[in-house]
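Report on the structure given below.
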Amino acid sequence: MYDINPHRENAYKLLHDGILALTRVEQAGIRIDLEYTRNMKLRLTRMIDRLEKEFKNTKFYRRWEHTTGKKINIGSNPQLAHYLYDVIGLKTERITETGQYSTDEESLISLNIPELNSLLRIRKLKKVRDTYLDAFEREQVDEYIHPFFNLHLVTTYRSSSDSPNFQNIPKRDEEAMQICRRALYPRPGHQFLEVDFKGIEVGISTCYHKDPTMLRYLRNPASDMHADMARQIFVIDKIDKSLTSHYTLRQAAKNGFVFPEFYGDYYKNCAMNLCGWVKLPQERWRKGQGIELPGRAISDHLIEKGIESYSSFEEHLKKIENDFWEKRFPEYAKWKERWWKIYRRYGYIDLLTGFRCSGIMSKNDVTNYPVQGAAFHCLLWTLIQVDKVMKEEGLDSRIVNQIHDSMLIDLNPTELNHIIRVINGIVREDLPTHWKWIIVPMQVDMEISPVDESWAEKKEMKVKEEFV
DNA sequence: GGAACTCGCCAC
DNA sequence: AAACGTGGCGAGTTCC
């Protein structure tokens, strides 16, 4: 009786059309180079065997084996944790979900034991072999992989993918990226076209809270929110993105402060994060520490500005956080409070796309779910329209993957210009017409790889504005 | 011998 | 007062 939601019909239609379009994506599939995949698995196995043999010859391993008294499994984290933390009595700051000392990468590095680095190397190679290459080979049929895309599993009404999961193939780590994506190809004579929504989650959150400052940032291409925050956080007059160090400061502000704050993190975590980005220690700072700015190290710069230690940086960031929510984006902050109140009163929240989230949610959930969900729905709606054009016009190009705010097209090169125009028309005009609540510009970035080259290949070109 | 759990790690 | 969200999956381990 409380389930009165005027947008339910539209929400249903999106899932209905979405599942049909995604079925066509599954059916199309991605081509795999089977010979490469099998050879690379063998190579990785040889590398892993050699590294394990070397590891077993170290003093560290011998002591571990000796004190344990029985056979050790190198891949067992509980065994490793027992030896490191219970037997030798080492300590780490990092604690797992269940309260145990952690053996993750950060913990092991912080212990400063050289032998553990080869253990981390083994871990990484095994991950690539067992999670990705193995799954590709297992799931392929006639040298095509057909991953599933689900619309019924995720709390926020995003999608998920499995068998194999095509939404978490390595990208940031260059080596892992190369090994995994080198296995995946477009159809013969085709190339990959990658289409990504530009800052979609920030845009969608603004459709909810309508903060005037954020609206100005999004509507004015010359403005730069992350550069402004970098200036404030690092006490710098001007950010010159062409300088490597300034570019790093901007990235740090974006990924170490702005986004975490949007998602509900707070200044203490951000301070730690930011120090990682600029390589400053969590103690009193000395001259010549951290990344190099033009002319001097960042510690010299910050000390001159009166921020002389990690703890005073934390205090500095506390003030910036207050300013961020009280002065810079007050309407955004008020929206967060409003929605928390609504959830406590009614027990649910409705997305702009008509979906309803109910059940137990934290304060952060209440403001993150609607953004995450509706942002994905922009991609899904776009995918449906693009797929429809491809089908109705009998195009040879096919959508073959989808990752929350992006889609991958297996492109017939002769259809490039047409498809770029179609996509831009749908994203910039049709989408905001379809959903009147979209009050910010909608845009996509496009990247294209060379014909007959794998997904690992460097992008041959960014599709330029004037090309539209 | 399989289900269910923990941990770590990949993506957005 | 609390302290960033969503998934999938492999290996090791424990439970029944």
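Below, chains carry the letters A, B, ... as their sequence lines are ordered, and counting in each starts from 1.
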Which donor-acceptor pairs under 3.5 Å do side chains of residues 320-327 of chain A form with protein atoms, sequence neighbours excluded?
{"residue": "A/E321", "atom": "OE2", "partner": "A/Y267", "partner atom": "N", "Å": "2.9"}
{"residue": "A/D323", "atom": "OD2", "partner": "A/Q232", "partner atom": "NE2", "Å": "3.2"}
{"residue": "A/W325", "atom": "NE1", "partner": "A/E261", "partner atom": "OE1", "Å": "3.0"}

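Residues of residues 35-56 of chain A that place a heavy atom closer than 4.0 Å to DNA chain C do not occur. Near-neighbour residues of DNA chain C inside residues 250-262 of chain A, defined by a heavy atom below 4.0 Å, are absent.
For the pair A/I349 CD1 and C/dG5 C1', the interatomic distance rounds to 12 Å; values are reported in whole Å. The CG atom of A/N273 sits 15 Å away from the C1' atom of C/dG5 (whole-angstrom rounding). Per the geometry, NE2 belonging to A/H152 stands 12 Å off P belonging to C/dG7, to the nearest Å. If you take CG of A/L317 and C1' of C/dA3, they are 14 Å apart, rounded to a whole angstrom. The nearest whole Å value for the distance from the NE2 atom in A/H404 to the P atom in C/dT6 is 12 Å. Taking atom CD of residue A/E97 and atom P of nucleotide C/dA3, one finds them 11 Å apart after rounding to whole Å.
Side-chain polar atoms of A/Y343 and A/R338 form no donor-acceptor pair below 3.5 angstrom. In summary, the side chains of A/Y217 and A/D228 do present a donor paired with an acceptor at a separation below 3.5 Å, with no hydrogens or angles considered. Between the side chains of A/D265 and A/N269, at least one donor-acceptor pair of N or O atoms lies under 3.5 Å. The closest side-chain donor-acceptor pair between A/T45 and A/R129 falls under 3.5 angstrom. Under 3.5 Å, the side chains of A/S205 and A/H209 contain a donor-acceptor pair of N or O atoms. Between the side chains of A/H82 and A/D86, at least one donor-acceptor pair of N or O atoms lies under 3.5 Å.
Residues A/T131 and A/A135 share a closest heavy-atom pair of O-CB, 3.4 Å. Here the closest heavy-atom approach between residue A/I30 and residue A/Y185 is recorded as CG2-O, 3.8 Å. Taking each heavy atom of A/I200 and A/A375 in turn, the nearest pair found is CG1-CB, 3.8 Å.
Note on ring orientation: taking the six-membered ring where Trp is involved, the planes of A/F55 and A/F60 are tilted (angle from 30° to 60°).
Remark: A/R94 fails to qualify as a cation-pi partner of A/Y101 under the 6.0 Å distance and 45° angle criteria applied to the six-membered ring. The cationic atom of A/R158 (NZ for Lys, CZ for Arg) does not lie both less than 6.0 Å from the six-membered ring centre of A/F376 and within 45° of the ring axis.
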Intermediate values then yes/no, side chain to side chain contact (heavy atoms under 4.5 Å, CB included), A/V87 and A/W64: CA-CA 9 Å; A/V87 178; A/W64 181 7; over 6 Å; no
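Looking only at distances, a side-chain donor or acceptor of A/R62 sits under 3.5 Å from a matching main-chain atom of A/N57. Between the A/Y85 side chain and the A/T103 main chain, no donor and acceptor come within less than 3.5 Å of each other.
A donor and an acceptor atom sit less than 3.5 Å apart, one in the side chain of A/Q372 and one in the base of C/dG5.
For the pair A/N368 and C/dT6, the criterion of a side-chain N or O lying under 4.0 Å from OP1 or OP2 is not met. Between A/T155 and the phosphate of C/dG5, there is no side-chain N or O to OP1/OP2 separation shorter than 4.0 Å.
Nucleic acid contact class of A/S406 (heavy atoms, under 4.0 Å, all strands): none. Contact annotation for A/E105: backbone-only contact, meaning every heavy-atom pair under 4.0 Å involves sugar-phosphate atoms and none involves a base. Nucleic acid contact for A/Y369: sugar-phosphate only, since backbone atoms but no base atoms lie under 4.0 Å from a heavy atom of the residue.
With a heavy-atom cut-off of 4.0 Å to chain A, the contacted part of DNA chain B has its first and last nucleotide at B/dT6 to B/dC12.
For C/dA3, the base is stacked against the aromatic ring of A/Y266, per a cut-off of 5.5 Å between centres and 30° between planes.
Taking a cutoff of 4.0 Å between a charged side-chain nitrogen and a carboxylate oxygen, A/K336 and A/E331 do not qualify as a salt bridge.
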Set out, line by line, the N/O atom pairs under 3.5 Å between protein and nucleotides 8-12 of chain C.
{"residue": "C/dG8", "atom": "OP1", "partner": "A/S160", "partner atom": "OG", "Å": "3.2"}
{"residue": "C/dG8", "atom": "O4'", "partner": "A/N165", "partner atom": "ND2", "Å": "3.0"}
{"residue": "C/dC9", "atom": "OP1", "partner": "A/S163", "partner atom": "N", "Å": "2.9"}
{"residue": "C/dG10", "atom": "OP1", "partner": "A/R138", "partner atom": "NH2", "Å": "3.0"}
{"residue": "C/dA11", "atom": "OP1", "partner": "A/D130", "partner atom": "OD2", "Å": "3.4"}
{"residue": "C/dG12", "atom": "OP1", "partner": "A/N73", "partner atom": "OD1", "Å": "3.4"}
{"residue": "C/dG12", "atom": "OP1", "partner": "A/N73", "partner atom": "ND2", "Å": "3.0"}
{"residue": "C/dG12", "atom": "O3'", "partner": "A/S76", "partner atom": "OG", "Å": "3.0"}

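Taking the C1' atoms of five terminal pairs at each end of the helix from B/dG1-C/dC16 to B/dC12-C/dG5, the two resulting helix axes are inclined by 0°, rounded to 10°.
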